[in-house]
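Before any comments, here is the structure.
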Amino acid sequence: MNKNIKIIAQNKKASFNYYLSEFTECGIALQGTEIKSLRVHNCTLGDAYVVFRNGEAELLNVHIPIYEQGNIFNHDPLRTRKLLLHKKEINWFMEKIKKGGYTVVPTKVYFSHGKVKVEIALAKGKKEYDKRETIKNRDLAREIKGGHYDD
(Lines give C-alpha, C1' and ligand atoms only; values in the text may rest on other atoms or scores of the structure.)
Protein backbone atom coordinates (compact mmCIF):
# COMPACT_ATOMS: atom_id res chain seq x y z
CA MET A 1 0.00 0.00 0.00
CA ASN A 2 1.10 3.55 -0.70
CA LYS A 3 2.78 5.43 2.18
CA ASN A 4 0.79 8.59 1.41
CA ILE A 5 -2.58 6.95 2.13
CA LYS A 6 -4.18 7.22 5.58
CA ILE A 7 -7.41 5.25 5.93
CA ILE A 8 -10.18 7.06 7.80
CA ALA A 9 -12.99 4.48 7.53
CA GLN A 10 -13.67 1.13 5.87
CA ASN A 11 -17.00 -0.45 5.02
CA LYS A 12 -16.53 -4.04 6.23
CA LYS A 13 -20.26 -4.65 6.04
CA ALA A 14 -20.16 -4.12 2.26
CA SER A 15 -17.80 -7.03 1.61
CA PHE A 16 -20.02 -9.27 3.74
CA ASN A 17 -23.32 -8.25 2.11
CA TYR A 18 -22.14 -7.87 -1.51
CA TYR A 19 -19.84 -9.29 -4.14
CA LEU A 20 -17.61 -6.31 -4.89
CA SER A 21 -15.92 -5.54 -8.21
CA GLU A 22 -14.73 -2.59 -10.31
CA PHE A 23 -13.18 -0.46 -7.55
CA THR A 24 -12.84 3.23 -8.42
CA GLU A 25 -11.21 6.10 -6.55
CA CYS A 26 -13.03 9.43 -6.60
CA GLY A 27 -12.98 12.77 -4.85
CA ILE A 28 -15.75 14.10 -2.64
CA ALA A 29 -17.11 17.63 -2.21
CA LEU A 30 -16.90 18.52 1.49
CA GLN A 31 -17.40 21.56 3.71
CA GLY A 32 -14.69 22.96 6.01
CA THR A 33 -15.81 21.40 9.27
CA GLU A 34 -16.25 18.01 7.59
CA ILE A 35 -12.56 17.98 6.67
CA LYS A 36 -11.60 18.81 10.26
CA SER A 37 -13.85 16.04 11.58
CA LEU A 38 -12.30 13.56 9.12
CA ARG A 39 -8.79 14.55 10.20
CA VAL A 40 -9.58 13.17 13.67
CA HIS A 41 -10.78 9.93 12.00
CA ASN A 42 -14.52 10.44 12.50
CA CYS A 43 -16.60 8.77 9.79
CA THR A 44 -19.08 5.88 9.49
CA LEU A 45 -19.89 4.07 6.24
CA GLY A 46 -22.29 1.47 7.64
CA ASP A 47 -25.37 1.92 5.42
CA ALA A 48 -23.84 4.23 2.81
CA TYR A 49 -24.59 3.95 -0.90
CA VAL A 50 -24.23 5.94 -4.12
CA VAL A 51 -27.10 7.25 -6.27
CA PHE A 52 -26.93 8.83 -9.71
CA ARG A 53 -29.19 11.86 -10.28
CA ASN A 54 -29.11 14.46 -13.05
CA GLY A 55 -25.83 13.09 -14.41
CA GLU A 56 -24.08 13.37 -11.03
CA ALA A 57 -23.02 10.83 -8.42
CA GLU A 58 -24.16 11.48 -4.85
CA LEU A 59 -23.13 9.73 -1.65
CA LEU A 60 -25.88 9.11 0.90
CA ASN A 61 -25.93 7.92 4.54
CA VAL A 62 -22.27 8.65 5.28
CA HIS A 63 -22.12 9.90 8.85
CA ILE A 64 -19.42 12.50 9.47
CA PRO A 65 -20.01 13.75 13.04
CA ILE A 66 -20.18 17.44 13.88
CA TYR A 67 -16.77 18.95 14.56
CA GLU A 68 -16.63 19.63 18.31
CA GLN A 69 -14.62 22.88 18.04
CA GLY A 70 -16.82 24.10 15.17
CA ASN A 71 -19.09 27.13 15.29
CA ILE A 72 -22.58 27.96 14.02
CA PHE A 73 -21.49 27.03 10.49
CA ASN A 74 -21.05 23.35 11.40
CA HIS A 75 -22.27 20.80 8.83
CA ASP A 76 -25.22 18.38 8.87
CA PRO A 77 -23.74 14.94 9.76
CA LEU A 78 -25.85 12.95 7.25
CA ARG A 79 -26.04 15.40 4.36
CA THR A 80 -25.86 14.22 0.75
CA ARG A 81 -22.36 14.70 -0.64
CA LYS A 82 -21.38 14.99 -4.29
CA LEU A 83 -18.78 12.55 -5.65
CA LEU A 84 -16.27 13.88 -8.16
CA LEU A 85 -16.26 11.49 -11.11
CA HIS A 86 -15.79 11.94 -14.85
CA LYS A 87 -18.94 11.88 -16.97
CA LYS A 88 -17.66 8.72 -18.69
CA GLU A 89 -17.33 6.91 -15.34
CA ILE A 90 -20.79 8.04 -14.21
CA ASN A 91 -22.33 6.79 -17.46
CA TRP A 92 -20.53 3.44 -17.10
CA PHE A 93 -21.83 2.92 -13.55
CA MET A 94 -25.37 4.01 -14.57
CA GLU A 95 -25.32 1.49 -17.45
CA LYS A 96 -24.31 -1.34 -15.10
CA ILE A 97 -27.05 -0.42 -12.62
CA LYS A 98 -29.72 -0.31 -15.35
CA LYS A 99 -28.77 -3.83 -16.48
CA GLY A 100 -29.98 -4.90 -13.06
CA GLY A 101 -28.83 -6.51 -9.85
CA TYR A 102 -26.07 -3.99 -9.17
CA THR A 103 -25.64 -1.07 -6.82
CA VAL A 104 -22.67 1.15 -5.99
CA VAL A 105 -21.31 1.29 -2.44
CA PRO A 106 -18.37 3.11 -0.83
CA THR A 107 -15.74 0.76 0.55
CA LYS A 108 -13.16 3.19 2.01
CA VAL A 109 -12.67 6.84 2.89
CA TYR A 110 -9.03 7.90 3.10
CA PHE A 111 -6.54 10.73 2.74
CA SER A 112 -4.34 10.51 -0.34
CA HIS A 113 -1.65 13.21 -0.57
CA GLY A 114 -3.68 15.39 1.82
CA LYS A 115 -6.97 15.12 -0.12
CA VAL A 116 -10.01 13.09 0.95
CA LYS A 117 -10.80 10.25 -1.46
CA VAL A 118 -13.58 7.68 -1.52
CA GLU A 119 -13.19 4.22 -2.99
CA ILE A 120 -16.45 3.03 -4.52
CA ALA A 121 -17.24 -0.40 -5.90
CA LEU A 122 -19.85 -2.03 -8.08
CA ALA A 123 -21.77 -4.40 -5.80
CA LYS A 124 -24.07 -7.36 -6.39
CA GLY A 125 -26.09 -8.60 -3.41
CA LYS A 126 -25.28 -11.93 -1.77
CA LYS A 127 -27.92 -14.49 -0.93
CA GLU A 128 -28.30 -15.78 2.64
CA TYR A 129 -26.48 -19.04 1.87
CA ASP A 130 -23.57 -17.07 0.36
CA LYS A 131 -23.26 -15.11 3.61
CA ARG A 132 -23.17 -18.36 5.61
CA GLU A 133 -20.41 -19.59 3.28
CA THR A 134 -18.45 -16.38 3.93
CA ILE A 135 -18.77 -16.84 7.71
CA LYS A 136 -17.67 -20.48 7.41
CA ASN A 137 -14.59 -19.57 5.33
CA ARG A 138 -13.66 -16.74 7.69
CA ASP A 139 -13.90 -19.00 10.75
CA LEU A 140 -11.87 -21.69 8.99
CA ALA A 141 -9.14 -19.20 8.06
CA ARG A 142 -9.08 -17.87 11.63
CA GLU A 143 -8.77 -21.40 12.98
CA ILE A 144 -5.88 -22.26 10.65
CA LYS A 145 -4.07 -18.98 11.34
CA GLY A 146 -4.42 -19.34 15.11
CA GLY A 147 -3.33 -22.97 15.07
CA HIS A 148 -6.30 -24.03 17.21
CA TYR A 149 -7.87 -27.32 16.20
CA ASP A 150 -10.86 -28.99 17.78
CA ASP A 151 -10.04 -32.71 17.68
Side-chain angles (χ1 to χ4, degrees), residues 1-67 74-146:
M1 182 171 278
N2 193 343
K3 286 187 230 176
N4 296 321
I5 291 178
K6 293 180 184 169
I7 295 175
I8 300 166
Q10 286 186 307
N11 192 351
K12 293 178 182 176
K13 200 189 259 190
S15 61
F16 179 72
N17 290 329
Y18 302 102
Y19 293 113
L20 300 175
S21 63
E22 304 299 329
F23 293 88
T24 305
E25 178 184 86
C26 60
I28 183 170
L30 297 171
Q31 295 176 346
T33 55
E34 288 175 324
I35 296 283
K36 291 181 178 196
S37 189
L38 288 173
R39 288 213 183 274
V40 291
H41 297 278
N42 285 338
C43 184
T44 307
L45 294 175
D47 298 322
Y49 61 98
V50 178
V51 294
F52 297 93
R53 292 186 214 148
N54 305 324
E56 292 183 345
E58 295 179 342
L59 188 60
L60 291 117
N61 286 347
V62 172
H63 186 267
I64 299 175
I66 292 174
Y67 184 59
N74 238 328
H75 64 277
D76 177 23
L78 284 173
R79 77 177 185 88
T80 301
R81 295 165 180 92
K82 183 179 171 184
L83 291 177
L84 308 174
L85 286 165
H86 292 282
K87 188 67 72 182
K88 191 175 176 182
E89 293 172 316
I90 291 171
N91 290 336
W92 186 86
F93 276 117
M94 285 175 35
E95 186 180 309
K96 288 288 188 180
I97 290 170
K98 282 181 186 172
K99 285 185 180 176
Y102 287 104
T103 188
V104 179
V105 294
T107 55
K108 283 185 208 169
V109 176
Y110 55 92
F111 283 107
S112 177
H113 301 285
K115 293 184 174 49
V116 177
K117 300 289 182 180
V118 178
E119 182 183 74
I120 60 174
L122 194 62
K124 189 166 186 84
K126 285 184 182 179
K127 302 281 188 235
E128 194 63 38
Y129 55 85
D130 293 329
K131 291 179 187 179
R132 284 194 295 268
E133 182 81 20
T134 303
I135 292 169
K136 187 173 89 174
N137 290 339
R138 184 178 55 207
D139 289 346
L140 202 83
R142 196 177 292 150
E143 210 173 279
I144 291 169
K145 187 178 179 183

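Minimum heavy-atom separation, Pro106 to Val50: CD-CG2, 4.4 Å.
Rounding to the nearest 0.5 Å places CG of Asn54 at 11.0 Å from CD1 of Ile90. To the nearest 0.5 Å, atoms NZ (Lys108) and SG (Cys43) are separated by 14.0 Å. Atom CD1 of residue Ile120 and atom CG of residue Asn11 lie 12.5 Å apart, to the nearest 0.5 angstrom. Distance check: Ile135 CD1 to Leu140 CG gives 13.5 Å after rounding to the nearest 0.5 Å. Atoms CG and CZ, on Leu30 and Arg79 in that order, are 6.5 Å from each other to the nearest 0.5 Å. With rounding to the nearest 0.5 Å, the separation of CG in Asn91 from CZ in Phe52 is 9.5 Å.
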message: Run the side chain to side chain contact (heavy atoms under 4.5 Å, CB included) test on Leu84 and Cys26 for me, step by step, so that the C-alpha distance in whole Å, both residues' side-chain angles and the decisive distance to 0.1 Å come before the verdict.
response: CA-CA 6 Å; Leu84 308 174; Cys26 60; 5.6 Å; no
- prompt: Between Glu22 and Lys96, does a salt bridge (Lys or Arg N to Asp or Glu O under 4.0 Å) hold up when you go through it step by step?
  reply: CA-CA 11 Å; Glu22 304 299 329; Lys96 288 288 188 180; over 6 Å; no
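Contact check on Lys136 versus Asp139 returns no salt bridge, with no Lys/Arg side-chain nitrogen under 4.0 Å from an Asp/Glu carboxylate oxygen.
Residues Ile66 and Thr33 are not in side-chain contact: their nearest non-hydrogen atoms beyond the backbone lie 4.5 Å or more apart. With contacts defined as side-chain heavy-atom distances shorter than 4.5 Å, the pair Arg81/Ile64 qualifies. Using a 4.5 Å cut-off on side-chain heavy atoms (C-beta onward), Tyr49 and Val51 make contact. Using a 4.5 Å heavy-atom threshold, the side chains of Val118 and Val62 count as separate. Side-chain contact between Thr80 and Leu59 is absent, with no heavy-atom pair separated by less than 4.5 Å. Looking at heavy atoms from C-beta onward, Leu85 lies out of side-chain contact with Trp92 at the 4.5 angstrom threshold.
Residues passing the salt bridge (charged side-chain N to carboxylate O under 4.0 Å, His left out) test with Lys82 are Glu56, sequence neighbours excluded.
Under the side chain to side chain donor-acceptor pair (under 3.5 Å) test applied with Tyr110, the options Lys115, Glu119, Glu25, Lys117 reduce to a single match, Glu25.
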